[in-house]
There are 2 protein chains.
Amino acid sequence: MRLIVARCEVRYSGRLEALLPEALRLLMVKSDGSVMVHADTGGFKPQNWMTPPTVFELERGGEPVPGEDPALAAGRTADGQPVDGDGDGDRAPLTRIVVRKRAGSTEDRLDIRIVEVLSDVVHDMGEAAALEKSGVERELQELLAGAPEHCGEGFRLVRREWPTDIGPVDLMCRDPDDGWVAVEIKRVGTIEAVEQLTRYLERLREDPGMGEVRGVLAAQQIKPQARTLAESRGMDWVEVDLAVLRGEREPALTLFDV
Amino acid sequence: MRLIVARCEVRYSGRLEALLPEALRLLMVKSDGSVMVHADTGGFKPQNWMTPPTVFELERGGEPVPGEDPALAAGRTADGQPVDGDGDGDRAPLTRIVVRKRAGSTEDRLDIRIVEVLSDVVHDMGEAAALEKSGVERELQELLAGAPEHCGEGFRLVRREWPTDIGPVDLMCRDPDDGWVAVEIKRVGTIEAVEQLTRYLERLREDPGMGEVRGVLAAQQIKPQARTLAESRGMDWVEVDLAVLRGEREPALTLFDV
DNA sequence: GCCTGCAGCTTGTGT
DNA sequence: ACACAAGGTGCAGGC
């Protein structure tokens, strides 16, 4: 994420035309290409913004700088350090950022004319923060945390959101033999979910204190391709019934209830 | 504006319960008391937030710090400088920020548990200039009010925002035969817009003094399904060109200009 | 202050 | 890709 505090004028053209007169603002550029222009007041909403996918054009000292992409700067700059070229380095100061986006027949365009850069820093935040769960997935996790035996016979919960450096494992459990089990929870279990669980297991198995770790994919619905892939990688999978977890229905009945 | 980059876990409780697992995030605190928690993906929307008015509670080194208000820090810290207490100063590191807000009978609460502060700076941005924008439904309505013939041949405006007990009709006009016409204006005409116009017409036709009332949906863009539904209900629809309304382009040209 | 309707809504979910 | 529905909607304008 790149954070630029600058005196700037911003023009948006697309669905409508908008002009922000010159003032001090925060320009936030996320690594997914999002751009937000925030004032120090005005609450929740940015004064201007652009959602991905975006294309950037930069100018330094009034001259175009091809190839410099603010959204990718995080990978090329020391973490938390000022970006070279904020006016006190050997490069010309940043004078313009144009953010463009294809929007059907027309084009959305955010034109940021920068008068003065007060700060320009980049932070590499990793990917862990990106994983946020939908309402159903979250409820599933809560219910399964309270009844981990639905993920596997005799499972006991050790911790929800077990942290790893590539993101949190939904549930970390122990099986009846005290073996570790990583449980990945999804509303719909796809191949992508199996891949995710695979990455977690790789990571966890590198920890010598953990030794063998089993993997279980738990979801309301698991696609046939995901079942096959999980089995071929030695993982278990289980389809869970939300109504049963909520105690609204008897587990046995579901066998004949579909 | 205070910008804190920190490894943190965030809990929200209010309308719902939400947990953001421990990860690196940006905490943005505006001087109006707004708080936003951003990951470096996920576009426009913060992962968590609180709109003003808010009350803050801070902890440093696990101990409460009464009286320190992040939203007001901008007035008490040198511009662009790190806030004292980020771990390398003489104060204990920031370990927790609780943002509270009265919300009716219950309370909204954002609980940010901070594991590590990577950066903590304050910028005084002064007063931000207001946004100037045009092109929204408002402008469409103004332009069409000034040139109602774009809604239908020979239309004369009777009044904008014609009041009914289920809401105002955007434009009420008379056609060349002095028949009433209700015009609903949207930027994008969807089925929902047709439904809305339908409700207005139902209401207006109950008025014996009005008699027959035609309906016209006018929008910059009208979805195919909306066109079909409008036609099947005997309403007219018209796509209007903002450039033409503004007089920037010749109406006739648009017939061949698409 | 409450309420209503718009928003460059944004975002998810199903078709 | 597109239509639909919900949002911790946020936000402004009218009463």
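Note that this is a predicted model, so its numbers are computed, not measured. Naming: A, B, ... by sequence-line order, numbering from 1 per chain.
Whole-Å rounding puts the B:Asp170 CG to C:dG5 P distance at 11 Å. Nucleotide C:dA7 holds its C1' atom 17 Å from the CD atom of A:Glu17, rounded to whole Å. Counting to the nearest Å, the C1' atom of C:dT10 and the CG atom of A:Asp32 are 14 Å from each other. Atom C1' of nucleotide D:dG8 and atom CE of B:Met36 are separated by 14 Å, given to the nearest angstrom. Between the CD atom of A:Gln47 and the P atom of C:dG8 there is a distance of 13 Å, given to the nearest Å. Atom OH in A:Tyr12 sits roughly 4 Å away from atom C1' in C:dG8 (whole-Å rounding). Rounded to an integer number of Å, the gap from B:Arg15 CZ to D:dG8 P is 9 Å. Rounding to whole angstrom units, CZ of residue A:Arg102 and P of D:dA1 are separated by 12 Å.
Picking from D:dG8, C:dC6, C:dG8 the nucleotide with the shortest atom distance to the side chain of A:Asp108 gives C:dG8.
Comparing B:Pro168 and A:Ala18 against DNA chain C, the residue whose closest nucleotide sits nearer the 5' end is B:Pro168. Where A:Leu16 and A:Val188 each meet DNA chain C at their nearest nucleotide, the meeting point lying more 5' is that of A:Leu16.
If you check the side chains of B:His38 and A:Lys30, you find a donor sitting under 3.5 Å from an acceptor. For the residue pair B:Arg233 and B:Thr198, a side-chain donor N or O sits within less than 3.5 Å of a side-chain acceptor on the partner.
Of the residues in residues 217-226 of chain A, not one comes within less than 4.0 Å of DNA chain D through any heavy atom. Within residues 190-197 of chain B, the residues approaching DNA chain D are B:Ile191, by heavy-atom distance under 4.0 Å.
Closest non-hydrogen pair, A:Leu58 versus A:Leu94, comes out as CD2-CD1, 3.4 Å.
Here B:Phe44 pairs with A:Trp49 under the ring pair (Phe, Tyr, Trp, His ring centres under 6.0 Å) rule; sequence neighbours left out. Annotation: side chain to side chain contact (heavy atoms under 4.5 Å, CB included) contacts of B:Arg15 (sequence neighbours excluded): B:Tyr12. Taking the side chain to side chain contact (heavy atoms under 4.5 Å, CB included) definition, one finds that A:Arg199 meets it with A:Ile166, A:Glu192, A:Glu195, A:Gln196, sequence neighbours left out. Taking the ring pair (Phe, Tyr, Trp, His ring centres under 6.0 Å) definition, one finds that B:Trp237 meets it with nothing, sequence neighbours left out. Take B:Arg156 and apply the salt bridge (Lys or Arg N to Asp or Glu O under 4.0 Å) test, not counting sequence neighbours, and it matches B:Asp178. When the salt bridge (Lys or Arg N to Asp or Glu O under 4.0 Å) test is applied to B:Asp207, no partner is found at least two apart in sequence or on another chain. Residues that satisfy the side chain to side chain contact (heavy atoms under 4.5 Å, CB included) test with A:Pro53, not counting sequence neighbours, are A:Lys101.
Rounded to the nearest Å, the gap between the P atom of C:dG8 and that of D:dA5 is 22 Å.
Within the 4.0 Å cut-off from OP1 or OP2 of C:dG14, at least one side-chain nitrogen or oxygen of A:Arg187 is found. Proximity of B:Trp49 to the phosphate of D:dT9: no side-chain N or O atom is located under 4.0 Å from OP1 or OP2.
Within 4.0 Å of B:Lys186, counting heavy atoms only, lie sugar-phosphate atoms of the nucleic acid but no base atom.
The salt bridge (Lys or Arg N to Asp or Glu O under 4.0 Å) pairs that include a residue from residues 47-59 of chain A are A:Glu57-A:Arg100, A:Glu59-A:Arg96, where partners are two or more places apart or lie in different chains.
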Close N or O pairs between protein and nucleotides 11-15 of chain D (under 3.5 Å):
{"unit_1": "D:dC11", "atom_1": "OP1", "unit_2": "A:Gly42", "atom_2": "O", "d": "3.0"}
{"unit_1": "D:dC11", "atom_1": "OP1", "unit_2": "A:Lys45", "atom_2": "N", "d": "3.3"}

Side-chain donor/acceptor pairs under 3.5 Å, residues 215-229 of chain A, sequence neighbours excluded:
{"unit_1": "A:Arg227", "atom_1": "NE", "unit_2": "A:Ile222", "atom_2": "O", "d": "3.0"}
{"unit_1": "A:Arg227", "atom_1": "NH2", "unit_2": "A:Ile222", "atom_2": "O", "d": "3.3"}
{"unit_1": "A:Arg227", "atom_1": "NH2", "unit_2": "A:Glu239", "atom_2": "OE2", "d": "2.7"}
{"unit_1": "A:Thr228", "atom_1": "OG1", "unit_2": "A:Pro224", "atom_2": "O", "d": "3.0"}

